[in-house]
Amino acid sequence: MKQNIIAIDGPAGVGKSTVARRLARRLGLIYIDTGAMYRTVALAADRAKIGEFTDETMAPLMSKIRISFTDDSRVLLHGEDVAQYIRSARITDLSSKVSAVPVVREGLVALQRKLGAKGGIVMEGRDIGTVVFPDAGCKIFLTASPEERAKRRRDQLISMGKEADYDEILRDMKIRDERDRTRKTGPLIQAEDAHLIVTDGYTIDDTIAEIVKIYKASK
Ligand code: DC
């Protein structure tokens, strides 16, 4: 058991990133957003004009790609800060597609294990408690209804001054959920020993408080 690894998994739009970032700050741990890594691979593939995502088309890119993080958890592609490019609707859709390709998952899982080897991390994604760190001392599965998640994503986009259509967000979220849950490699599933937290009606602070309680009890 790795006592100082907190693995947080769950579907899109549940607030994992916000929760994981603040939780890490509060506990003095390093925050690693693995979704940002898949998004960065999608950006690199898009820039390389790769139209179809298979092991054959993605293997050359995966053998060369260099993804790293700044101290404040911003993702770098070959040293370039790409945080501003990876949240667009296009890259969001492509990231869900590239994340189903085995060679992409193998490469990123290996990198994630390396980043977390020393422990002291909060790592957030879809397969952290099941595949990346099955021996994490504290596993959380965060979820909420699709409607609640779509509402949160819409509010988040509006607060960033962006346009947001609830029905479109809900539809895209359901498509992405289905893809994440049914892919053959590293699908989104709750680890048997993960603590389930259903966050409908919870604030971010409520969720963090609950995780802190679980984490302290696990030590
Ligand atoms: O968490 P996110 O929305 O930023 O993730 C972007 C995409 O990457 C999402 O479609 C699922 C995928 N992903 C994954 O397959 N495995 C992870 N550990 C993290 C994200």
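Heavy atoms only: backbone and side chains are in, while hydrogens, waters and symmetry mates are out.
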Using the test salt bridge (Lys or Arg N to Asp or Glu O under 4.0 Å), find all partners of R39 that sit at least two apart in sequence or belong to another chain. none
What verdict does the salt bridge (Lys or Arg N to Asp or Glu O under 4.0 Å) test give for D93 and R90, after you've listed the backbone C-alpha separation in whole Å, the side-chain angles of each residue and the deciding distance to 0.1 Å? CA-CA 5 Å; D93 180 57; R90 178 179 175 81; over 6 Å; no
Is a donor from one side chain sitting under 3.5 angstrom from an acceptor on the other, for E147 and Y166? no
Let me confirm one number: the CZ-CD1 distance from R25 to I30, rounded to the nearest 0.5 Å. 14.0 Å
Would you kindly say whether S96 and R176 are connected by a side-chain donor-acceptor distance under 3.5 Å? no
Are any of the side-chain heavy atoms of I8 and L23 separated by less than 4.5 Å? yes
When rounded to the nearest 0.5 Å, the distance separating OG1 of T143 from CG of D200 is 8.0 Å
I would like to know whether D205 and R26 meet salt bridge (Lys or Arg N to Asp or Glu O under 4.0 Å); could you show each step before the answer? CA-CA 11 Å; D205 287 336; R26 179 149 155 196; over 6 Å; no
Where D180 and S99 come nearest, the two heavy atoms and their spacing: OD1-OG, 4.5 Å
side-chain contact (heavy atoms from CB on, under 4.5 Å) with L111: which of M37, E106, R66? M37
Checking the side chain of D33 only, and the main-chain atoms of S17 only, is there a donor and an acceptor separated by less than 3.5 Å? no
Quick check for you: to the nearest 0.5 Å, what is the distance between I91 atom CD1 and L43 atom CG? 5.0 Å
Write down the atom of V98, the atom of V41, and the distance for their closest heavy-atom approach. CG2-CG1, 4.2 Å
With the side chain counted from C-beta on, respond yes when T34 and V132 share a heavy-atom pair under 4.5 Å apart, and no when they do not. no
Is a side-chain N or O of T57 found less than 3.5 angstrom from the main chain of E52, in a donor-acceptor match? yes
Shortest non-hydrogen contact from A45 toward F53: CB-CE2, 3.8 Å
Any side-chain to backbone donor/acceptor pair from R87 onto T92? Under 3.5 Å, distance only. no
Decide yes or no for I197 and Y202: does some side-chain heavy atom of the first lie under 4.5 Å from some side-chain heavy atom of the second? yes
Tell me, please, whether Y85 has R47 positioned over its six-membered ring: NZ or CZ under 6.0 Å from the ring centre and within 45 degrees of its axis? yes
For P134 and K139, which heavy atoms make the closest approach, and how far apart are they? O-NZ, 2.7 Å
Just by distance, with hydrogens left out, do T199 and R152 show a side-chain donor and acceptor under 3.5 Å apart? yes
What I'd like to find out is whether the side chain of I32 reaches to under 4.5 Å of the side chain of I128, using heavy atoms alone. no
Contact summary for A83 and R74, nearest pair of heavy atoms: CB-NH2, 3.6 Å
Within the structure provided, determine whether R171 and D167 are in side-chain contact (heavy-atom separation under 4.5 Å). no
Taking the side chain as every heavy atom from C-beta outward, state whether R105 and D127 have any atom pair closer than 4.5 Å. yes
So, D206 and T203: side-chain donor and acceptor under 3.5 Å apart, yes or no? yes
Measure across V131 and G186 and return the closest heavy-atom pair with its distance rounded to 0.1 Å. CG2-CA, 4.3 Å
Would you check if M123 and I5 make a side-chain contact, meaning some heavy-atom pair closer than 4.5 Å? no
